[in-house]
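What follows is a short report on a single structure.
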Amino acid sequence: MGKDLIGLIVLLLALAGGGAVYMNAPPPAPWSDAERKAIQALSLATLPPLPSDPSNAVSDHPAAQRFGHRLFFDARLSANGAVSCATCHQPALRFTDGLPRAVGLAVGTFNTMSLVGAAYSPWFFWNGRQDSLWGQATSPLESPIEQGVSRAEATRLIAGDPSYRAAYEALFGPLPPLPSEAPATEQEEAAVTRAFVNIAKAIAAYERLLLPGETRFDRYAASLGQDGPTAPDEQLTHKEAEGLRLFIGKAQCINCHNGPLLTNHEFHNTGVLPAIGALPDKGRAEGARLVLDDPFNCFSAHSDDAAKDCAELRFMRTGDDLVAAQKTPSLRNLKGTAPYMHAGQIGTLAEALDHYNRARSAIVGHNEAKPLGLLPYELKRLEAFLNTLDGPLATAPEWLAPP
């Protein structure tokens with residue numbers, strides 16, 4: 001076989017995805033100081049302690065976490081007795097459900113977002129329509145297509161279960177008397193709403209325990225601060241390392257997927273098509289309006305934060321430029337959280353990368369992404385790197401199953 005033919009075969013292998021010939025070779029060039037800093041800024045080692053939530057007085061209370069754990073897995077908190085928080089947020093799927101759109105009492109509109117690390121975010125849901133983890137927990141409980149219980153029904157469940165009642169009253173004081181006649185008085189409705197919010201605050205206390213764990217990428221990033229990778233588990237293959245180089249450079253992923261959770265917690269229109277048969281979603285443009293009107297937002301009387309600083313709400317971006325903009329999801333544990341995008345429109349990681357590589361015009365609003373022009377082998381390298389972001393949760397096993 002001639003040298004020219006051998007060279008052509010090697011080139012074709014490389015174009016096909018990095019090439020098995022080079023699978024265990026080191027990166028062709030050492031990382032620059034700027035690249036090292038960028039890589040290490042993505043590591044979990046830089047994740048700060050979980051921020052406090054002054055709007056939820058029991059957010060870190062062990063008894064609230066235990067109570068919330070039980071509520072999270074309890075299907076009695078639904079209109080048909082068959083749907084719980086865990087129906088859509090399944091521990092085995094990194095607290096997602098593996099479906100394009102969530103299915104509770106009916107098929108929903110949006111893909112289920114992971115709850116892992118969600119407590120670090122100032123906004124919840126794809127359009128950011130709520131601004132606290134406990135506020136987020138109220139929405140599916142009442143939604144007629146998710147769990148569909150009324151505030152009175154949720155409170156009645158707590159009152160009728162002796163262990164639940166004891167747990168509730170140890171945290172929040174006596175349950176209010178439930179109205180015996182309809183319609184309830186305004187005072188009775190307010191008391192039931194307070195109890196309902198307290199139920200959501202206990203669920204949020206549990207959800208704050210759901211944190212991402214170390215991945216192969218994190219071990220690699222930590223090794224760059226030393227003399228370089230030595231243990232096998234601290235190394236990336238040539239293909240993965242080159243994918244990382246693309247991630248922080250040419251592919252521009254780091255523009256939005258930055259920080260140790262690989263998200264800027266912001267909202268962007270990236271030209272994702274609507275789900276088949278659905279109208280284009282208004283995204284953050286609508287979410288910004290909804291969060292300001294939300295009866296459980298930071299300004300509300302249900303927030304335990306007496307200061308009511310609410311800087312995120314007061315200074316949040318609004319306007320027509322946010323039409324169709326959706327929240328930037330974390331890229332951690334991508335392998336277990338498919339399908340992707342706000343309505344599960346994209347089934348595989350390869351298809352998601354192709355979407356961003358092409359960056360076609362948006363149907364509604366303006367696509368912020370620009371065509372990348374990555375070659376097929378570069379897309380495969382980028383995908384290989386993204387798969388190094390998979391890892392176990394940094395949450396004790398007893399919290400990852402029904403109590």
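Computed from heavy atoms alone, side chains included, the values below leave out hydrogens, waters and symmetry copies.
For the pair Asp294 (side chain) and Gln130 (backbone), a donor-acceptor distance under 3.5 Å is absent. Under a 3.5 Å cut-off, the side chain of Asn111 and the backbone N or O of Leu99 do form a donor-acceptor pair. With hydrogens and angles disregarded, a donor-acceptor distance shorter than 3.5 Å links the side chain of Thr215 to the backbone of Asp218. A donor-acceptor contact shorter than 3.5 Å is absent between the side chain of Gln187 and the backbone of Thr185. With hydrogens and angles disregarded, a donor-acceptor distance shorter than 3.5 Å links the side chain of Thr138 to the backbone of Gly135. In this structure, the side chain of Asn367 engages the main chain of Arg360 through a donor-acceptor pair within 3.5 Å.
Of the inter-residue distances, the one linking Leu115 atom CG with Leu209 atom CG reads 12.0 Å to the nearest 0.5 angstrom. To the nearest 0.5 Å, atoms CG (Leu393) and CZ (Arg94) are separated by 5.0 Å. The OG atom of Ser223 sits 8.5 Å away from the CD atom of Gln40 when rounded to the nearest 0.5 Å. Taken to the nearest 0.5 Å, the CG atom of Leu261 stands 12.5 Å off from the OG1 atom of Thr328.
Within the 4.5 Å cutoff, the side chain of Arg129 has heavy atoms near those of the Ser139 side chain. Counting heavy atoms from C-beta outward, His69 and Trp399 have side chains that approach closer than 4.5 Å. Between Tyr220 and Ser43 there is no side-chain heavy-atom pair separated by less than 4.5 Å. At least one side-chain heavy atom of His238 sits less than 4.5 Å from a side-chain heavy atom of Arg381. Counting only heavy atoms from C-beta outward, the side chains of Trp134 and Asp304 never approach each other to under 4.5 Å. Side-chain contact between His89 and Leu210: absent, with no pair of heavy atoms (C-beta onward) separated by less than 4.5 Å. Taking 4.5 Å as the limit, some side-chain heavy atom of Asp131 sits within range of a side-chain heavy atom of Trp123.
Under the side-chain contact (heavy atoms from CB on, under 4.5 Å) criterion, Phe172 pairs with Val58, Tyr168, Asn198, not counting sequence neighbours. Residues satisfying the side-chain contact (heavy atoms from CB on, under 4.5 Å) test with Ala86, not counting sequence neighbours, are Phe72, Phe73, Ser84.
Within a 6.0 Å radius of NZ in Lys37, other residues, nucleotides and ligands contribute 12 heavy atoms or fewer. More than 12 heavy-atom neighbours from other residues, nucleotides or ligands sit within 6.0 angstrom of CD on Glu398. Atom CG of Asp293 is surrounded by more than 12 heavy atoms from other residues, nucleotides or ligands within 6.0 Å. The local environment of NE2 in His265 is crowded, with over 12 non-hydrogen atoms from other residues, nucleotides or ligands closer than 6.0 Å.
The pair Glu286-Arg289 meets the salt-bridge criterion, since a charged nitrogen lies less than 4.0 angstrom from a carboxylate oxygen. At a threshold of 4.0 Å, the pair Glu153-Arg156 does not count as salt-bridged, since none of the basic side-chain nitrogens sits closer than that to a carboxylate oxygen.
The closest side-chain donor-acceptor pair between Asn357 and Glu378, if any, does not fall under 3.5 angstrom.
When each of Asp97, Thr96, Thr87 is paired with Thr112, the side-chain hydrogen bond (donor to acceptor under 3.5 Å, both in side chains) condition holds for Asp97 and for no other.
In this structure, Phe296 and His302 have perpendicular ring planes: the angle between them is above 60°, well past the 30° mark.
For the pair Lys201 and Phe67, the cation-pi test (distance below 6.0 Å, angle within 45°) is failed.
Screening residues 311-354 for ring pair (Phe, Tyr, Trp, His ring centres under 6.0 Å) gives no qualifying pairs among residues at least two apart or on separate chains. Every pair passing salt bridge (Lys or Arg N to Asp or Glu O under 4.0 Å) that includes a residue from residues 60-86 is listed here, sequence neighbours excluded: Asp60-Arg208, Asp74-Arg76, Arg76-Asp161.
Smallest separation of non-hydrogen atoms from Ala79 and Leu105: CB-CD1, 3.9 Å.
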Enumerate donor-acceptor pairs with a distance under 3.5 Å from any side-chain N or O in residues 382-391 to protein atoms, sequence neighbours excluded.
| from | atom 1 | to | atom 2 | distance (Å) |
| --- | --- | --- | --- | --- |
| Asn387 | ND2 | Glu383 | O | 3.4 |
| Thr388 | OG1 | Phe385 | O | 2.6 |

Donor-acceptor contacts, no H, no angles, side chain residues 266-279, under 3.5 Å, sequence neighbours left out:
| from | atom 1 | to | atom 2 | distance (Å) |
| --- | --- | --- | --- | --- |
| His268 | ND1 | Glu368 | OE1 | 2.8 |
| His268 | NE2 | Asn264 | ND2 | 3.1 |
| Asn269 | OD1 | Gly271 | N | 2.9 |
| Asn269 | ND2 | Val323 | O | 3.3 |
| Asn269 | ND2 | Val364 | O | 2.9 |
| Asn269 | ND2 | His366 | O | 3.4 |
| Thr270 | OG1 | Tyr356 | OH | 3.4 |

